[in-house]
Amino acid sequence: MARHEPGKVLLDVALAVAAGGDCLADAGLLRDEPGVYGKVASDPTVSRLFALLGKDPGKAERLVDKARATARARVWSLAGQHAAMSITDPLVIDVDATLVTVHADKQGARPTFKKGYGHHPLCAFADHGQPGTGEPLEMLLRAGNAGSNTAADHISVTRAALAQLPVAASKKILVRADGAGGTQEYVAWLAGKGVQYCVGFKLPDDTASIYHQIPGSAWEPALDAGDEPRDGAWVSEWTGMLDLAGWADGMRVIVRRERPHPGAQLRFDDVDGYRLTAFATNTRQGQLQTLELARRRRARCEDRIRVGKHAGLNEFPLQGFDQNRIWCLIIQLAGELLAWAQMLALAGHEARRREPKRLRLRLLNCPAEIIRSDRRRVLRFKQTHPWAWLLAEALARRHKMPTPR
């Protein structure tokens, strides 16, 4: 291990995962190109490092997270990312869990609530405001039978996510979660941190009675993705109609009603043929329709998770639970490397929004060779590749940026 810095070894594995790898041995792809990646550790060396870090994963997480936060601050500064964030246009953190199936009896793998078997990590992502963009902030590895609405886990993940940001917690940050985050403990913690929040809210058993007390004039048309009125959907505020004892001060409850799509079966809790869903928020600025639209855009978190499963989150390849905690760091690094490359080198092009699968096909797999000319090393792309020009422009744009000191 004396010949290989642990940080360089982790970075090499993360690069391999970003390029499409899904296990430690895939770092061998980098080993064949020392002119690009330098010296890459052997497979036994990589395995020994993960075994060593797995003995004290908390320390490894603290060190890597500190480096990630430093790099993120630098990248966001260069890219101007979130420089103009405000209370009405906040930086968004999405928190959500996902199930990852494993096909072996690995440590920590348990039966899941969907009758599968595996792990149930809870993740936090920074949303960059458009489809296909975002980056991981935190991933908490949990057993497959971990509770969906465990407030302590949500607090732990959100605290770590906020620590990754180059800005202090304030009303300029919006934390979104689904119904699993709609607990009194989690909402109280978010309110205490001074951030905006938007979490799913479970309506009470007497919802039908409350619904019939709401006048028709209180319902406003919901908006679609293009900010236009959406047929068959309305929103209304129910804050004053609910018993919110025990919840944080200043919390509002906004309800959406809509007709189930054609062919859908009515549920026992549907009222008068309408499906009612609700969310809680402390945001005061903006109309109800705007707040509800921002709430539905939390669905982009599902895209973040799907993208993560193209960058290492599709499985946990190691046997030990603590070693797979280190694998979670690799997943986050891989996702950040891809996101940061797009932010810095592909800004202004539609490739900025490409997901890893397409990015690898069109750019990362571009044939190239290193040649030496006039005591310089030159990276020459194959001119017949249809996207070589974009890759060359991206590298040129990145080289024009100031280098960190």
Side-chain angles (χ1 to χ4, degrees), residues 10-11 13-15 17-20 61 64-85 89-98 121-141 157-167 169 172-177 195 297-314 327-360 363-364 394 398 401 404:
L10 293 178
L11 179 60
V13 177
L15 282 169
V17 171
E61 288 168 341
V64 174
D65 286 346
K66 182 178 180 180
R68 292 172 54 226
T70 301
R72 192 184 324 278
R74 176 65 178 174
V75 172
W76 283 18
S77 176
L78 288 174
Q81 190 72 22
H82 300 295
M85 69 179 189
D89 185 21
L91 188 163
V92 178
I93 298 176
D94 285 319
V95 180
D96 202 359
T98 186
L122 182 63
C123 312
F125 299 88
D127 185 280
H128 293 170
Q130 53 187 321
T133 62
E135 59 190 86
L137 297 176
E138 175 64 10
M139 291 183 182
L140 175 64
L141 183 61
V157 166
T158 308
R159 179 186 290 114
L162 291 172
Q164 281 294 310
L165 303 180
V167 295
K172 295 181 180 180
I173 297 174
L174 170 64
V175 178
R176 297 187 298 204
V195 299
R297 284 175 173 158
R298 196 204 69 82
R300 286 199 293 251
C301 188
E302 300 294 336
D303 292 332
R304 305 289 90 76
I305 290 175
R306 179 171 48 78
V307 166
K309 290 186 176 181
H310 286 293
L313 190 57
N314 57 322
W327 181 255
C328 281
L329 293 177
I330 296 298
I331 297 171
Q332 293 170 79
L333 287 169
E336 287 162 341
L337 289 171
L338 291 171
W340 294 344
Q342 291 172 290
M343 288 167 60
L344 295 179
L346 297 174
H349 191 275
E350 61 91 14
R352 165 73 173 86
R353 300 188 300 275
R354 287 178 185 165
E355 296 184 359
K357 185 176 180 180
R358 179 173 291 186
L359 199 66
R360 295 184 189 115
L363 293 183
L364 300 188
R398 176 63 190 94
M401 295 180 178

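What you see below is based on every heavy atom in this structure, not just the backbone, and it leaves out hydrogens, waters and symmetry mates.
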With a 4.5 Å cut-off on side-chain heavy atoms, are [Y] and [X] touching?
X: M139; Y: C123; answer: yes
X: I93; Y: L165; answer: yes
X: K172; Y: H82; answer: no
X: T98; Y: P121; answer: yes
X: V167; Y: W76; answer: no
X: Q81; Y: V75; answer: no

Atom [atom1] of [X] and atom [atom2] of [Y]: how far apart are they, to the nearest 0.5 Å?
X: L122; Y: L141; atom1: CG; atom2: CG; result: 11.0 Å
X: T158; Y: L140; atom1: OG1; atom2: CG; result: 10.5 Å
X: Q332; Y: R68; atom1: CD; atom2: CZ; result: 4.0 Å
X: L344; Y: R352; atom1: CG; atom2: CZ; result: 9.0 Å

If only atom types and distance count, is the side chain of E336 paired as donor or acceptor with the main-chain N or O of E135 below 3.5 Å? no
Donor-acceptor pair, side chain of Q164 and main chain of D65, under 3.5 angstrom: yes
L346 and L363: side chain to side chain contact (heavy atoms under 4.5 Å, CB included), yes or no, with the steps? CA-CA 11 Å; L346 297 174; L363 293 183; 4.0 Å; yes
Closest non-hydrogen atom pair, [X] against [Y]:
X: A311; Y: I331; result: O-CG2, 3.6 Å
X: A334; Y: A14; result: CB-O, 3.5 Å
X: A351; Y: L359; result: O-CD1, 4.3 Å
X: F125; Y: C301; result: CD1-SG, 4.0 Å
X: M343; Y: A347; result: O-CB, 3.6 Å
X: L313; Y: I305; result: CD2-O, 4.3 Å

Of all residues at least two apart in sequence or in a different chain, which pass the salt bridge (Lys or Arg N to Asp or Glu O under 4.0 Å) check with R358? none
Mind checking what makes salt bridge (Lys or Arg N to Asp or Glu O under 4.0 Å) contact with E138, not counting sequence neighbours? none
In chain order, what residues pass the ring pair (Phe, Tyr, Trp, His ring centres under 6.0 Å) check against W340, with sequence neighbours excluded? none
Under a 4.0 Å N-O cut-off, is there an ion pair linking R354 with E350? yes
Just to verify, what does D127 make a side-chain hydrogen bond (donor to acceptor under 3.5 Å, both in side chains) with, not counting sequence neighbours? R300, R304
Sorted by chain and residue number, the side chain to side chain contact (heavy atoms under 4.5 Å, CB included) partners of A341 (sequence neighbours excluded) come out as none
Got a sec, which residues hit side chain to side chain contact (heavy atoms under 4.5 Å, CB included) with L364, two or more places apart in sequence or on another chain? L338, R360
Is there a side chain to side chain contact (heavy atoms under 4.5 Å, CB included) between L333 and V13 once you walk through the steps? CA-CA 9 Å; L333 287 169; V13 177; over 6 Å; no
Determine, stepwise, if the pair L162 / I173 fulfils side chain to side chain contact (heavy atoms under 4.5 Å, CB included). CA-CA 9 Å; L162 291 172; I173 297 174; 4.1 Å; yes
